[in-house]
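Below is one structure; the comments refer to it alone.
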Amino acid sequence: MKSIKELEEIRKKTLEKVNLRKDRKGTRVVVGMATCGIAAGARPVLLSFVEEINKRKLMDVTVSQTGCIGVCRLEPIVEVYKPGQDKVTYVKMTPDKVAKVVSEHIVNDRPVIEYTIGYVENRQNK
Amino acid sequence: MDFFRSHVLICGGTGCHASGSDDLIEEFDRLIEEKKLQREVKVVRTGCFGLCELGPVVIVYPEGAFYSRVNKEDVQEIVEEHLIKGRIVKRLLYHDSIAKDDTIKSLSDVGFYKKQKRITLRNCGVIDPENIDEYIAFDGYKALAKVLTEMSREEVIQTIKLSGLRGRGGGGFPTGLKWEFTYRAKGDKKYVCCNADEGDPGAFMDRSILEGDPHSVLEAMAIAGYAVGSDQGYIYVRAEYPIAVRRLNIAIEQAREYGLLGNNIFGSGFNFDIELRLGAGAFVCGEETALMASIEGKRGEPRPRPPFPASKGLFGKPTLLNNVETYANIPPIILKGSEWFSSIGTEGSKGTKVFALGGNINNTGLLEIPMGTTLREIVYEIGGGIPGGKEFKAAQTGGPSGGCIPASHLDTPIDYDSLMEVGSMMGSGGLIVMDEDTCMVDIARFFLDFTVEESCGKCPPCRIGTKRMLEILDRITSGKGQEGDIEKLETLAKNIKASALCGLGQTAPNPVLSTLRYFRDEYEAHIKEKKCPAGACTALLTYTIIDDLCKGCSLCAKHCPVEAISGKPKSPYVIDQEKCIKCGVCMEKCPFKAIEKK
Ligand SMILES: Cc1cc2nc3c(=O)[nH]c(=O)nc-3n(C[C@H](O)[C@H](O)[C@H](O)COP(=O)(O)O)c2cc1C
Ligand code: SF4
């Protein structure tokens with residue numbers, strides 16, 4: 001027989017799974033998945049995001065894909081939208097960069113500057 | 001627990017099921033496996049989304065893309081474009097869900113949903129009804145936990161009373177009062193029953209709740225059991241609802257497994273269990289005394305009341321009987337409080353009502369609106385208007401017990417009392433919209449035909465009286481109406497209403513009385529001029545050839561199945577009215593529009 005505490009645990013645990021189906025205002029991670037993105041390795045990046053979010057049981061994050069973001073040479077590109085903040089665009093993403101973006105930016109609100117488009121572009125121009 | 005980046009919700013309600021949603025689920029599963037997306041994308045079969053007209057419906061989250069009329073062949077495109085590349089398949093989107101700037105509107109901004117408020121349908125189309133955990137995720141069984149650990153039985157009853165909830169099965173009796181009567185009744189054993197007979201033609205509100213969110217009814221019945229002092233519940237559901245029956249069985253099993261039904265629930269010492277009883281689908285078995293007789297294994301026939309079920313019901317014991325939708329309101333009322341509930345709706349009618357919208361309307365389907373929403377809002381905003389640019393003529397509510405509301409009353413707020421005032425009734429929630437081509441005498445005849453068919457025959461006013469009324473209506477619609485028929489109908493109606501034993505007979509004349517009230521001239525036209533103003537009663541139609549337009553091509557004569565048309569080529573043809581069977585083929589075939597229907 002379930003106790004109220006167990007019920008609450010089931011509720012929390014399952015809510016994480018199904019919460020996606022309500023209109024929400026949480027963080028959105030968008031991965032560019034057009035042909036160029038997929039060719040550049042966007043799928044492993046997307047999977048790493050799903051895994052990382054799963055591991056940390058982050059409830060208010062959604063991961064979706066989009067078409068070509070427009071700068072094919074910098075793919076895979078990932079955009080992170082946090083409510084009330086400017087969009088941050090990460091470029092040349094790889095699966096091993098994902099953990100840092102999740103822990104620093106998504107959890108602790110500190111964008112990982114060295115992966116962002118501004119930083120990478122500046123460095124390339126030098 | 002797994003986080004899936006995307007959820008594909010596929011409607012598994014009866015409507016979408018019939019239009020092939022099972023095949024879609026299979027195809028999604030197959031392709032998702034083929035593309036190795038199993039760990040990222042979850043496919044869920046849900047209850048009804050409401051827009052049955054557009055079925056099968058598939059919603060993909062997190063984007064909230066609302067795909068309508070999806071074919072098996074479309075699934076590949078959704079998987080490859082949307083799920084893999086993130087490109088929404090615009091071609092399949094429900095047109096009303098695309099905003100001006102080409103983005104997807106939130107579901108709550110789509111015309112069909114905007115004016116709705118989903119309390120009883122809160123989980124329909126959102127959760128997997130065969131998974132108790134998903135029900136629990138959206139606060140399921142929390143209300144039961146609350147009443148068992150924090151509230152006295154009296155407090156529960158008081159909360160329901162203060163909420164203003166009234167029965168959704170048709171009668172509109174205050175639910176809290178009914179609970180109190182059953183609580184007060186003396187008896188060593190009491191029962192809690194759920195009426196899921198739903199016999200009105202065209203109604204499928206209760207079915208959708210049972211299919212989409214069965215646990216909400218189980219939870220509410222357990223709460224009712226605690227409040228009135230019962231440990232045994234019965235759900236009387238029609239056997240013609242196989243999906244609902246299966247999901248109820250699964251839900252009961254799961255609830256027992258979790259100890260949410262059974263002995264000592266939440267360690268409180270309260271015991272409650274539920275059994276299903278299948279009905280054979282007789283309309284009269286929805287009447288409360290007939291329903292209980294049927295559960296007892298007897299013939300489903302009504303008996304006189306009093307005694308009311310609250311004092312002497314099932315097996316002679318005090319019994320609480322409520323409708324499916326009534327129950328589905330209970331858990332939110334317990335969790336959010338009576339004040340929250342009574343803030344929704346009108347003075348005498350609190351909360352929301354679910355309607356099955358059908359007939360001549362663009363968005364047929366299931367909707368839930370706050371009480372007090374006007375008929376106009378339902379027809380033109382939620383329902384999307386009348387197809388083919390036709391005029392609204394009337395709406396029928398209350399099924400065979402109800403009546404018609406004409407265009408002049410489009411601004412009537414939908415609540416128990418306003419509907420009574422205009423000569424109709426809330427009923428259980430069937431709402432049929434009729435356009436200008438509908439004959440109101442024929443509609444009355446249709447409903448009376450249903451009652452005559454469904455009358456159990458126990459009492460003469462209903463058994464014989466309704467038959468006499470039907471004979472008169474048959475006569476009128478076939479052009480043989482006589483002077484005095486209207487008066488005869490009125491006398492019969494009055495007598496049947498006053499003397500029939502149960503609600504079926506007492507309300508059977510309503511469709512005739514309400515159409516007489518608003519469309520008396522149509523009855524008169526049928527009787528006196530032998531004309532059907534709407535052009536619907538075929539027996540009263542005449543097809544004639546307009547001489548000036550007829551070129552004498554002879555096409556009509558060739559197609560007439562009974563050789564009623566004769567003439568010489570190149571001069572006007574004539575129709576022999578004696579032979580004509582009013583099939584209309586000639587009119588269809590005439591290239592010069594020379595044939596007139598009147
Ligand atoms: C002929 C007839 C058919 C009925 N059919 C139904 C039905 O299908 N479902 C229903 O809930 N109530 C039906 N009722 C009303 C029930 O008798 C009863 O009033 C209702 O189930 C009580 O529940 P409520 O107070 O929650 O509305 C019917 C009544 C009559 C007279
Ligand atoms: S009113 Fe009709 S259905 Fe009701 S008991 Fe009499 S005969 Fe039967």
Side-chain angles (χ1 to χ4, degrees), chain A residues 1-39 42-44 46-69 78-79 81 102, chain B residues 1-7 9 35-37 39-42 44 46 59-64 81-88 106-109 123 125-128 131-142 144-146 148-149 255-260 262-268:
Chain A
M1 188 201 60
K2 298 275 188 257
S3 64
I4 294 182
K5 211 173 121 242
E6 283 169 291
L7 196 72
E8 185 55 24
E9 275 159 18
I10 296 172
R11 191 183 70 80
K12 278 209 192 114
K13 202 178 70 183
T14 320
L15 189 60
E16 291 165 24
K17 279 202 280 186
V18 295
N19 213 11
L20 187 72
R21 297 177 212 158
K22 295 252 157 156
D23 284 330
R24 289 170 318 133
K25 310 262 176 310
T27 303
R28 278 198 306 136
V29 177
V30 179
V31 184
M33 292 277 274
T35 312
C36 51
I38 294 174
R43 266 197 65 77
L46 176 113
L47 279 176
S48 307
F49 267 106
V50 172
E51 237 160 65
E52 205 48 40
I53 288 164
N54 217 343
K55 233 192 281 170
R56 292 169 172 273
K57 302 202 185 310
L58 301 177
M59 291 193 29
D60 235 17
V61 184
T62 61
V63 181
S64 53
Q65 332 92 298
T66 179
C68 182
I69 297 179
V78 173
E79 296 178 318
Y81 297 81
V102 173
Chain B
M1 199 289 303
D2 280 319
F3 169 85
F4 291 91
R5 68 172 167 83
S6 186
H7 290 193
L9 271 56
K35 309 282 179 202
K36 304 206 171 20
L37 299 170
R39 283 175 46 230
E40 307 157 54
V41 179
K42 184 178 169 79
V44 189
T46 69
I59 302 187
V60 180
Y61 284 100
E63 293 86 358
E81 286 296 301
H82 189 157
L83 295 179
I84 296 182
K85 295 184 191 145
R87 287 198 290 241
I88 286 166
S106 160
L107 220 47
S108 47
D109 286 335
N123 288 327
V126 178
I127 65 166
D128 174 353
N131 183 339
I132 189 172
D133 287 0
E134 294 204 357
Y135 178 66
I136 293 172
F138 292 116
D139 295 331
Y141 290 104
K142 214 173 167 176
L144 179 60
K146 182 173 170 184
L148 291 183
T149 56
R256 282 186 188 144
E257 217 170 278
Y258 275 23
L260 299 168
N263 288 338
N264 196 17
I265 300 169
F266 290 124
S268 65

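Proteins come first, then strands; the chains are lettered A, B, ... in the order of their sequence lines, and each starts at number 1. All values derive from a computational prediction rather than experimental measurement.
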Let me know if R28(A) has heavy atoms under 4.5 Å from chain B in its side chain, its backbone, both or neither.
neither

Can you tell which part of K146(B) gets under 4.5 Å to a heavy atom of chain A, answering side chain, backbone, both or neither?
neither

Could you pull out all residues at least two apart from K5(A) that satisfy side-chain contact (heavy atoms from CB on, under 4.5 Å)?
S3(A), E9(A)

Show your reasoning for whether side chain to side chain contact (heavy atoms under 4.5 Å, CB included) applies to V29(A) and T62(A).
CA-CA 6 Å; V29(A) 177; T62(A) 61; over 6 Å; no

Region of L9(B) in contact with chain A, defined by heavy-atom distances below 4.5 Å:
side chain

So what's closer than 4.5 Å to chain A heavy atoms on D139(B): side chain, backbone, both or neither?
both

At a heavy-atom distance under 4.5 Å, which candidate from V44(B), I59(B), T149(B), I127(B) has the highest pair count against chain A?
V44(B)

Is any side-chain heavy atom of E40(B) closer than 4.5 Å to a side-chain heavy atom of L47(A)?
yes

Among residues at least two apart in sequence or on other chains, which ones pass side-chain contact (heavy atoms from CB on, under 4.5 Å) with R256(B)?
I252(B), E253(B), L261(B), D273(B)

Portion of E63(B) that has a non-hydrogen atom of chain A nearer than 4.5 angstrom:
side chain

Find out whether L260(B) and I132(B) are in side-chain contact, i.e. whether some heavy atom of one side chain is under 4.5 Å from a heavy atom of the other.
yes

